[in-house]
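Counting starts at 1 for both ligands and their atoms, in listed order. Since the structure is predicted, the reported quantities are computational estimates derived from the model, not experimental observations.
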Amino acid sequence: MEIIGEKINGTRKRVAQAIAEKDVEFIQDLARRQAEAGSAWLDVNAGTHPQQEPDDLVWLIETVQAVVDTPLCLDSANPQALAIAIKAVNKTPMINSISGEPQRLEGILPLVAEHDCRVIALAMDEKKISADSEARVAVVHKVMAATRAAGIPDEHIYVDPLAMTLSTNIQSGLIFFDTLRAVHAAYPEVHFTVGLSNISFGLPARSYLNRAFLTLALQAGLDSAILDPLDQELQAALLAAELLLGRDRHCLNYTRAYRAGVFNKSNGRG
Ligand code: THG
């Protein structure tokens, strides 16, 4: 399972402040800690000021790349910002994201094809995020037709079935799993990802929901996630679930993590 480290996100207050103040140390600390915690990718999101987004994103990219060589996941819906950002990366990035929205497909797919990037495809279009898994799958069919037409291999697509908070729809988990399973059946080569913590927004004791959701989603076929890699309890749940699903040969990752102390905070008996 590929972890996409979520913490360098300008919609978070502290990161927005660091971007505004050009606080290199703060951003580099997040980059280093997330890389050390096993992130395969680091998400970089410059936040919500459309005018400043390209400049801020390039600053984030350069700041992060000065201390880690983990490839970046460029988190923006803005084709112009992405086109500029893509020129600043050292390693082929992941693009986060496209959707069924024609403007986004037209603006972003040529970049993905030209640079041979991975790309996250959200199961939504310009209208809305449907509360119906069949409608979400229909959007994915539309997006896959466009990515194939652009010559992008299926294995470069990371479908995000979209986790919506359980606090407004208790079916949110089921809609997610149904969408994932149907897309997996139709496109066996595509990968999956999710903004994990969305599932628990507005609820208490979120970490339990996030951990259970990750475990169930792994069983359904999730193979990457945008999450907080510094959350040791979540890492422990991930290691246990992967071992149980036969994805940890010789129990190596699990036993290594034990020796590295990952489980120390998870329960007092180690
Ligand atoms: N799908 C895709 N990309 C995404 C999302 C998604 N990118 C953004 C987001 N959703 C995932 N990233 C984050 C980053 C940080 C936080 C949550 C999701 C986070 N949230 C704190 C919380 O939830 O309590 C509050 C913010 C804060 O700390 O200030 O940290 O779904 N493709």
Side-chain angles (χ1 to χ4, degrees), residues 2-20 23 26-27 29-31 33-34 37 39-48 53 57 60 64 72-78 81-82 85 93-101 104-105 108 112 117-125 128-130 136 139-140 143 147 156-169 172-173 175-176 179-180 183 190-211 213-214 217 222-231 233-234:
E2 292 183 318
I3 293 173
I4 304 171
E6 74 176 12
K7 298 197 85 77
I8 304 176
N9 190 310
T11 66
R12 301 177 62 213
K13 253 198 193 146
R14 189 58 189 84
V15 173
Q17 183 191 341
I19 293 170
D23 184 346
F26 183 82
I27 299 297
D29 180 58
L30 287 181
R33 284 158 64 212
Q34 290 189 104
S39 302
W41 306 85
L42 295 182
D43 194 83
V44 284
N45 179 315
T48 46
E53 190 187 1
L57 196 51
L60 279 180
V64 169
L72 302 178
C73 179
L74 307 177
D75 193 344
S76 169
N78 176 353
L82 288 169
M94 186 182 296
I95 301 293
N96 184 10
S97 54
I98 56 172
S99 69
E101 188 181 343
R104 244 160 121 173
L105 287 172
I108 298 173
V112 174
C117 301
R118 315 287 172 114
V119 62
I120 296 175
L122 308 179
M124 62 181 283
D125 58 18
K128 60 170 180 144
I129 299 173
S130 178
R136 290 195 195 176
V139 173
V140 174
V143 173
T147 58
H156 281 192
I157 311 295
Y158 287 61
V159 169
D160 182 344
L162 295 170
M164 306 303 289
T165 178
L166 292 160
S167 63
T168 56
N169 184 352
S172 290
I175 297 165
F176 181 92
T179 305
L180 195 162
V183 172
V190 305
H191 297 283
F192 292 92
T193 198
V194 64
L196 190 78
S197 65
N198 296 349
I199 200 72
S200 60
F201 191 80
L203 287 162
R206 294 181 65 182
S207 65
Y208 292 100
L209 289 164
N210 295 347
R211 270 180 258 170
F213 180 47
L214 179 61
L222 188 77
D223 58 359
S224 84
I226 306 166
L227 52 74
D228 178 0
L230 307 183
D231 179 341
E233 304 276 8
L234 189 61

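Put simply, atom 25 (C) of ligand 1 has no protein non-hydrogen atoms near it, under 4.0 Å away. Under the 4.0 angstrom criterion, atom 9 (C) of ligand 1 counts as lacking any protein heavy-atom contact. The nearest protein heavy atom to atom 21 (C) of ligand 1 is not closer than 4.0 Å.
When all heavy atoms are compared, the tightest approach of F201 to S167 is O-OG, 3.1 Å. The minimum heavy-atom distance between E6 and P229, with the atom names listed, is N-CD, 4.2 Å. Taking every heavy atom of both residues into account, S200 and T165 meet most closely at C-OG1, 4.0 Å. What you find for L57 and A81 is that their closest heavy atoms are CD2-O, 4.3 Å. Looking at every heavy atom in both residues, M124 comes nearest to V139 through O-CG1, 3.4 Å. Taking each heavy atom of A163 and N198 in turn, the nearest pair found is O-CB, 3.0 Å.
The protein heavy-atom contact nearest to atom 5 (C) of ligand 1 is G195 CA, 4.1 Å. For atom 14 (C) of ligand 1, the closest non-hydrogen atom on the protein side is E6 O, 3.4 Å. In terms of protein heavy-atom proximity, atom 30 (O) of ligand 1 is closest to R12 NE, 3.3 Å. Given atom 3 (N) of ligand 1, the protein heavy atom at minimum distance is N96 ND2, 3.0 Å. Here the protein heavy atom with the shortest distance to atom 11 (C) of ligand 1 is I226 CG2, 3.9 Å. Nearest non-hydrogen protein atom to atom 7 (N) of ligand 1 is D75 OD2, 2.9 Å.
Between V119 and H156 there is no side-chain heavy-atom pair separated by less than 4.5 Å. No side-chain heavy atom of T193 sits less than 4.5 Å from a side-chain heavy atom of M94.
Partner of N9 under the side-chain contact (heavy atoms from CB on, under 4.5 Å) criterion, chosen from D43, L30, V15, I226: D43.
Neither the backbone nor the side chain of D43 has a heavy atom within less than 4.0 Å of ligand 1. Proximity of T11 to ligand 1, defined as any heavy-atom pair under 4.0 Å, is not found for any part of the residue. Residue contacts with ligand 1, taken as heavy atom pairs separated by less than 4.0 Å, involve L122 solely via side-chain atoms from C-beta onward. By the criterion of a heavy-atom distance under 4.0 Å, the side chain of R206, and not its backbone, is placed next to ligand 1. Residue S197 touches ligand 1 through its side chain alone, judged by heavy-atom distances below 4.0 Å.
Contact atoms of ligand 1 toward N198: 6 (C), 31 (O) (distance under 4.0 Å to a heavy atom of the residue). For ligand 1, the atoms lying closer than 4.0 Å to a non-hydrogen atom of N9 are 8 (C), 12 (N), 14 (C). Using a 4.0 Å cut-off to heavy atoms of D160, the atoms of ligand 1 that qualify are 1 (N), 2 (C), 6 (C), 31 (O), 32 (N).
Side-chain contact of E233 with S207: a donor-acceptor pair under 3.5 Å is absent, judged by distance alone.
One N or O on the side chain of S172 and one on the backbone of M164 form a donor-acceptor pair closer than 3.5 Å.
At under 3.5 Å, not a single nitrogen or oxygen of S97, backbone or side chain, sits near a nitrogen or oxygen of ligand 1. Polar contact with ligand 1: absent for T193 (N/O pair, distance under 3.5 Å).
A cation-pi contact, defined as under 6.0 Å to the ring centre and within 45° of the axis, links R14 to F26.
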